[in-house]
Number of protein chains: 2
Amino acid sequence: MTTEETARAAIGWHQEAQQEQGQEQEQEELELNVFAQLCPSREMFAELADKWSLLILMSLAACGPQRFSELQRGIGGVSRKMLTQSLRTLERDGLVQRTVYPETPPRVVYDLLPLGRELAELVSPLGRWTEQRARQMLAAREVFDAAHTEA
Amino acid sequence: MTTEETARAAIGWHQEAQQEQGQEQEQEELELNVFAQLCPSREMFAELADKWSLLILMSLAACGPQRFSELQRGIGGVSRKMLTQSLRTLERDGLVQRTVYPETPPRVVYDLLPLGRELAELVSPLGRWTEQRARQMLAAREVFDAAHTEA
DNA sequence: CTGTATCCGAAATGATACTG
DNA sequence: CAGTATCATTTCGGATACAG
């Protein structure tokens, strides 16, 4: 490995794959790369990098298993449609479990599966960070907007 | 604090604020809450919970300061329009710095500001997690889809 | 090279009404 | 309660042309 290669590797991630994606035959285990447009992991990433999906994961992590209506009350502004849709996707990908208790009226509870819990533990800090730094970002906005108003 | 309240607090986050948002006068420092529809932090969160914004932050964290064209090559599938737009937002919120070197042709370099670096360090693990678990999620999908095909 | 401006089709989302 | 179906609207995002 050359000095150059060492330097690039030290910076992080997997630059080789970032160039293009097509002929990564070096390993029997194909490299997945969120930066590559056609990589399956990019599709997953694009799906998870969504406001509602992340809020659902955070809510389940913070408040534990919840019913559909609890989630909707807890996550301000979600419509039933978006909540249903996002939950289905999370369920499909094995992140969330949907359990129906055949009562009347029916009770449906959503909970994190191990995979979803892993992800939620990475996402929750993101939510807290946003709350902690929101004022700072808003302040930066005002400065930026002010500087771009004298036109 | 009742046993019930202790339990709720232990679960995490700030349930009080999750109910509604309007009369949190308990502290001089208003509580920010990403779960509340009208909270400023929600707006910030919605803005950051975006595919392109997150990929830009990850790319800058992984590869260091980059020019516009480098970012576009590194992030597969971004159009100039989306890249410009996302970079402007990140710049406006004080996460990214844009530096113009008045050469010919002009050279523009983007880099993380301290605030953006903080965020990037929370976001990058998310990208790596997605790559590591993508296969698992895809496998879960097949199972889910198979189970919902016999109709 | 690094954008900006505009057009336009596609996709996301909200509102509403209906169902098991 | 927990959805589904449909429609209307908004927003997103790519293509293209033009500019400093």
Side-chain angles (χ1 to χ4, degrees), chain A residues 37-38 42-56 59-60 63 65-92 96-111 144-145 147-149 151, chain B residues 36-38 42-56 59-60 63 65-92 96-111 144 147-149 151:
Chain A
Q37 185 179 13
L38 301 178
R42 159 65 80 83
E43 184 192 349
M44 303 305 308
F45 185 79
E47 196 173 279
L48 297 175
D50 169 69
K51 183 177 47 172
W52 300 132
S53 298
L54 297 185
L55 285 171
I56 289 171
S59 181
L60 290 174
C63 304
Q66 287 168 79
R67 307 178 55 161
F68 185 88
S69 52
E70 291 176 319
L71 281 167
Q72 188 170 19
R73 258 178 289 115
I75 302 172
V78 238
S79 63
R80 267 174 302 176
K81 179 178 177 178
M82 293 295 23
L83 185 56
T84 301
Q85 185 176 306
S86 300
L87 282 169
R88 282 292 168 282
T89 302
L90 294 173
E91 184 193 1
R92 187 162 95 109
V96 161
Q97 181 164 41
R98 176 177 179 270
T99 308
V100 182
Y101 295 92
E103 310 167 355
T104 50
R107 186 163 58 97
V108 180
V109 174
Y110 292 89
D111 194 9
F144 183 91
D145 291 346
H148 294 247
T149 300
Chain B
Q37 184 178 13
L38 302 178
R42 160 66 80 83
E43 184 192 348
M44 303 305 308
F45 185 80
E47 196 173 278
L48 297 174
D50 168 70
K51 184 178 44 173
W52 299 131
S53 298
L54 298 185
L55 285 171
I56 289 171
S59 181
L60 290 175
C63 304
Q66 287 167 80
R67 305 178 55 162
F68 186 86
S69 52
E70 290 176 321
L71 281 167
Q72 189 170 19
R73 258 178 289 114
I75 301 173
V78 239
S79 62
R80 263 175 306 174
K81 178 179 176 177
M82 290 289 92
L83 184 55
T84 301
Q85 186 175 304
S86 300
L87 282 169
R88 283 290 168 283
T89 302
L90 294 174
E91 184 192 2
R92 187 162 95 110
V96 162
Q97 182 165 39
R98 177 177 180 269
T99 308
V100 182
Y101 296 91
E103 311 166 354
T104 50
R107 185 164 57 98
V108 180
V109 175
Y110 293 89
D111 194 10
F144 182 91
H148 294 248
T149 301

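Below, chain A is the first sequence line, B the second, and so on; all start at residue 1.
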Can you tell me how far CZ of A/Arg42 sits from NZ of B/Lys51, rounded to the nearest 0.5 angstrom? 6.5 Å
Across the strands shown, which category fits B/Tyr110 at heavy-atom distances under 4.0 angstrom: base, sugar-phosphate, nothing? sugar-phosphate
Tell me the interatomic distance from A/Glu70, atom CD, to D/dG3, atom P, rounded to whole angstroms. 13 Å
Value in whole Å for how far the P atom of D/dC12 lies from CG of B/Leu83: 16 Å
CZ of A/Arg88 versus C1' of D/dT4: gap in Å, rounded? 10 Å
When rounded to whole Å, the CD to P distance for the pair A/Gln66 and D/dG3 reads 14 Å
Rounded distance in Å - CZ (A/Phe68) to P (D/dT4): 8 Å
B/Arg67 has an atom CZ; how far is it from atom C1' of C/dT2, in whole Å? 9 Å
Axis-to-axis angle for the helix from C/dC1-D/dG20 to C/dG20-D/dC1, ends of five pairs each, to 10°, equals 50°
Of B/Leu90, B/Leu71, B/Leu83, the one forming a side-chain contact (heavy atoms from CB on, under 4.5 Å) with B/Tyr110 is B/Leu71
To the nearest angstrom, how far is A/Tyr101 atom OH from D/dG3 atom P? 14 Å
Taking the side chain as C-beta and beyond, is there a heavy-atom pair between A/Ser86 and A/Asp50 under 4.5 Å? yes
For B/Glu70 versus B/Arg67, what's the shortest heavy-atom pair and its separation? OE1-N, 2.7 Å
Using a cut-off of strictly less than 4.0 Å, decide whether A/Arg107 has a side-chain nitrogen or oxygen near OP1 or OP2 of D/dA2. no
Nearest of D/dG3, C/dC1, D/dA2 to any side-chain atom of A/Thr84? D/dG3
In Å, rounded to the nearest 0.5 Å, how long is the span from CG of B/Leu48 to CG of A/Leu54? 10.5 Å
With the sugar-phosphate defined as primed atoms, P, OP1 and OP2, and the base as all remaining atoms, what B/S/- string results for nucleotides 10-20 of chain C, 5' to 3', for protein heavy atoms under 4.0 Å? ---BBBBB--B
Is any side-chain heavy atom of A/Leu87 closer than 4.5 Å to one of A/Ile56? yes
If I compare all heavy atoms of B/Val100 with all of B/Arg98, which pair ends up nearest, and what's the gap? CG2-NH1, 3.6 Å
Side chains of B/Gln66 and B/Ser59 only: does a donor on one sit below 3.5 Å from an acceptor on the other? yes
Rounded to whole Å, the CD-C1' distance (B/Gln72 to C/dT2) equals 10 Å
Taking all atoms of both residues into account, what is the closest heavy-atom pair of A/Gln72 and A/Val78, and its distance? NE2-O, 3.2 Å
